[in-house]
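Order of listing sets the numbers, starting from 1, for every ligand and every atom in it.
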Amino acid sequence: MKDILLLKQGEIVLKGLNRRQFEIKLMANVEKRLRPFGTFNIYAVQSTLYVEPASDDCDMDGAHRAVKTVFGVVSVSRAAACEKDKDAIFEMAKNYLGDAISRARSFKVETKRADKRFPMTSIELSQYVGGLLADAFPHVKVDVHNPELVVNIEVRDYSAYVHGTAEPGAGGLPLGVGGRAVSLLSGGIDSPVATYLAARRGLNIIPVHFFSFPYTSEQAKQKVIDLARILARYCGDMRVEVVPFTRIQEELRDKCPEELLTILMRRFMMRIAEKIARSNGCGAIVTGENLGQVASQTLEALAVTEECVGIPILRPVITYDKREIVDVARRIDTFDTSILPYEDCCTVFTPRRPKTKPKLEAVLEAEAKLDIPALVDEAFAGIERIPAPVLPF
Ligand code: ATP
Ligand code: MG
């Protein structure tokens with residue numbers, strides 16, 4: 001029996017003239033994601049992508065798991081192909097979906113017929129197969145209005161396909177259609193979620209981590225790489241830019257008022273992130289900032305934080321409650337890694353009483369004592385680039 005995957009395209013079908021371009025991107029993304037699982041033929045018909053194994057040794061279970069993380073796909077069905085004959089279709093439905101039908105309380109059959117030469121109408125074929133299935137599974141009711149299970153039949157040019165209820169896909173837009181962004185990735189709960197949400201709107205992501213060795217440990221760095229590798233299941237293989245941040249933090253500690261340390265540090269993060277963004281063709285900086293969560297995340301602090309950069313800062317979780325962020329973190333599997341207890345550079349130099357409403361003038365006055373371009377250039381020159389390939393499921 002030959003299995004195939006049917007991927008329903010989501011919002012990209014709404015994009016009018018860009019649609020074909022989006023579709024080509026999506027197909028390329030699917031192809032890339034499936035490479036570890038064998039060679040597949042991928043083609044689009046209307047708003048569905050068909051993914052067929054090109055040889056018998058393809059890992060269909062692996063491919064099935066992987067396509068559910070490709071952005072731009074709203075639903076995924078695993079279908080069985082069979083001969084375009086009403087009895088072959090019934091046999092296939094009975095064998096392939098037998099377990100699911102047995103388990104359901106009710107079902108119906110729905111047919112789509114792309115091949116108009118097929119000798120029965122969609123309704124006739126549904127009734128024929130539905131009648132035989134009802135006889136074969138007498139304890140399961142036929143319910144055409146509100147069935148628990150839909151047995152789907154598609155009659156296409158070369159084959160007929162049978163599949164059950166579609167499962168949800170990753171949604172969003174294909175990676176890359178929105179351009180590129182850097183994402184500030186700490187080891188916390190929020191920034192991996194923010195990174196995922198930004199990528200889901202079609203952005204390719206370059207993760208950036210500020211590392212304050214020896215105040216923060218190798219383990220803290222490794223944790224960020226691990227998070228990036230989990231995110232790579234959605235974002236594709238990535239490379240983390242690890243920025244040496246110790247010198248800047250020590251300078252700030254030695255030369256600036258303690259209550260401004262956090263906001264000053266955040267401005268340096270933004271400046272360096274902008275430099276990395278510009279040198280990699282990125283149009284935005286993504287952060288996991290969340291309104292009101294900590295002193296540096298009041299409106300006043302956010303305004304001062306972003307005053308020093310000239311590209312958009314995207315804050316996907318800005319209005320989320322912690323619970324909502326945690327729900328996403330669990331769903332995308334970053335949560336358990338995020339809660340490992342390694343310190344972050346922010347926590348090491350946290351002032352005892354940070355200003356919740358920092359004044360720009362005070363911040364500029366403190367910064368006047370620093371050679372900002374030299375500090376930024378030095379950190380930038382010291383960046384270590386660490387590959388973060390997809391962590392297998
Ligand atoms: P998170 O849970 O993502 O760490 P947080 O609630 O702890 O967020 P902060 O520590 O104030 O908040 O950081 C706000 C945002 O700044 C983070 O979400 C992240 O985007 C960025 N950030 C903080 N520390 C770092 C770091 N060491 N490297 C890269 N980005 C960082
Ligand atoms: Mg943090």
Side-chain angles (χ1 to χ4, degrees), residues 181-199 205-213 215-228 230-231 238 240-249 252 261-277 284-298 301-302 304-306 309 313-326 328-330 332 334-351 354-356 358 379-380 383-384 386 388:
V182 295
S183 185
L184 304 195
L185 194 59
S186 70
I189 297 169
D190 305 336
S191 51
V193 170
T195 303
Y196 160 83
L197 291 172
I205 299 288
I206 300 180
V208 174
H209 179 65
F210 296 94
F211 183 47
S212 302
F213 193 78
Y215 301 102
T216 57
S217 62
E218 277 299 325
Q219 286 155 304
K221 176 162 94 179
Q222 187 55 45
K223 175 179 166 183
V224 172
I225 306 302
D226 293 344
L227 284 169
I230 296 169
L231 290 167
M238 296 192 287
V240 183
E241 310 263 315
V242 178
V243 182
F245 208 48
T246 313
R247 171 86 202 284
I248 288 174
Q249 291 203 293
L252 295 176
L261 286 186
T262 304
I263 190 83
L264 290 166
M265 178 191 78
R266 299 203 57 76
R267 282 164 62 88
F268 270 97
M269 286 186 179
M270 294 302 161
R271 292 185 183 103
I272 296 164
E274 180 177 20
K275 197 169 163 82
I276 297 171
I285 299 170
V286 178
T287 79
E289 285 163 313
N290 179 250
L291 198 56
Q293 197 184 78
V294 289
S296 61
Q297 296 173 15
T298 62
L302 293 175
V304 177
T305 300
E306 68 187 27
V309 292
I313 298 180
L314 307 183
R315 302 176 168 107
V317 299
I318 190 74
T319 60
Y320 279 37
D321 283 353
K322 195 73 187 182
R323 270 258 321 265
E324 295 167 316
I325 299 176
V326 167
V328 181
R330 286 192 197 280
I332 63 175
T334 52
F335 185 75
D336 290 343
T337 305
S338 286
I339 59 174
L340 294 174
Y342 308 120
E343 64 302 312
D344 183 55
C345 67
C346 299
T347 42
V348 177
F349 292 86
T350 305
K355 277 246 182 286
T356 53
F380 185 79
I383 288 175
E384 181 191 3
I386 304 180

Query raised in the report: Counting from 1, what ligand 1 atoms have a heavy atom of Gly188 closer than 4.0 Å?
Result: 1 (P), 2 (O), 4 (O)

Report summary line: Within 4.0 Å of some non-hydrogen atom of His209, the atoms of ligand 1 are 26 (C), 27 (N), 28 (N), 29 (C)

Query - Side-chain donor or acceptor of Thr298 paired with backbone N/O of Gly292 under 3.5 Å - result: no

Query raised in the report: Counting only N and O atoms by type, is there a donor-acceptor contact under 3.5 Å from the side chain of Arg247 to the main-chain atoms of Ala379?
Result: no

Query raised in the report: Looking at Ile272, Thr246, Val224, which hits side-chain contact (heavy atoms from CB on, under 4.5 Å) with Phe210?
Result: Ile272

Report task. With heavy atoms of Thr287 as the reference, note each atom of ligand 1 found under 4.0 Å away. Result -> 20 (O)

Query raised in the report: Going by the atom numbers of ligand 1, which of them fall below 4.0 Å from some non-hydrogen atom of Val208?
Result: 29 (C)

Requested in this report: Test Ser186 against Ser191 for side chain to side chain donor-acceptor pair (under 3.5 Å), laying out the working first.
Outcome: CA-CA 6 Å; Ser186 70; Ser191 51; 3.1 Å; yes

Query raised in the report: Purely on distance, is any nitrogen or oxygen of Ser186 under 3.5 Å from one on ligand 1?
Result: yes

Query - side-chain contact (heavy atoms from CB on, under 4.5 Å) against Lys221, all qualifying residues, sequence neighbours excluded - result: Phe211, Glu218, Val242, Glu384, Ile386

Query - For Asn290, all residues meeting side-chain contact (heavy atoms from CB on, under 4.5 Å), sequence neighbours excluded - result: Gln293, Gln297, Tyr320, Ile325

**Report entry** Numbered atoms and elements of ligand 1 in range of Leu184, under 4.0 angstrom, heavy atoms
**Finding:** 19 (C), 20 (O), 21 (C), 29 (C), 30 (N)

Report task. Check each heavy atom of Leu185 against ligand 1 and say whether those closer than 4.0 Å belong to the side chain, the backbone, both or neither. Result -> backbone

Query raised in the report: If you measure every N/O of Met269 against every N/O of ligand 1, is any gap under 3.5 Å?
Result: no

Query raised in the report: For Leu227, does its backbone N or O pair with a side-chain atom of Thr337 as donor and acceptor, under 3.5 Å?
Result: no

Report task. Say whether Phe210, considering both its backbone and side-chain N or O atoms, lies within less than 3.5 Å of an N or O atom on ligand 1. Result -> yes

Query raised in the report: Taking both backbone and side-chain atoms of Val286, is any N or O found less than 3.5 Å from an N or O belonging to ligand 1?
Result: no

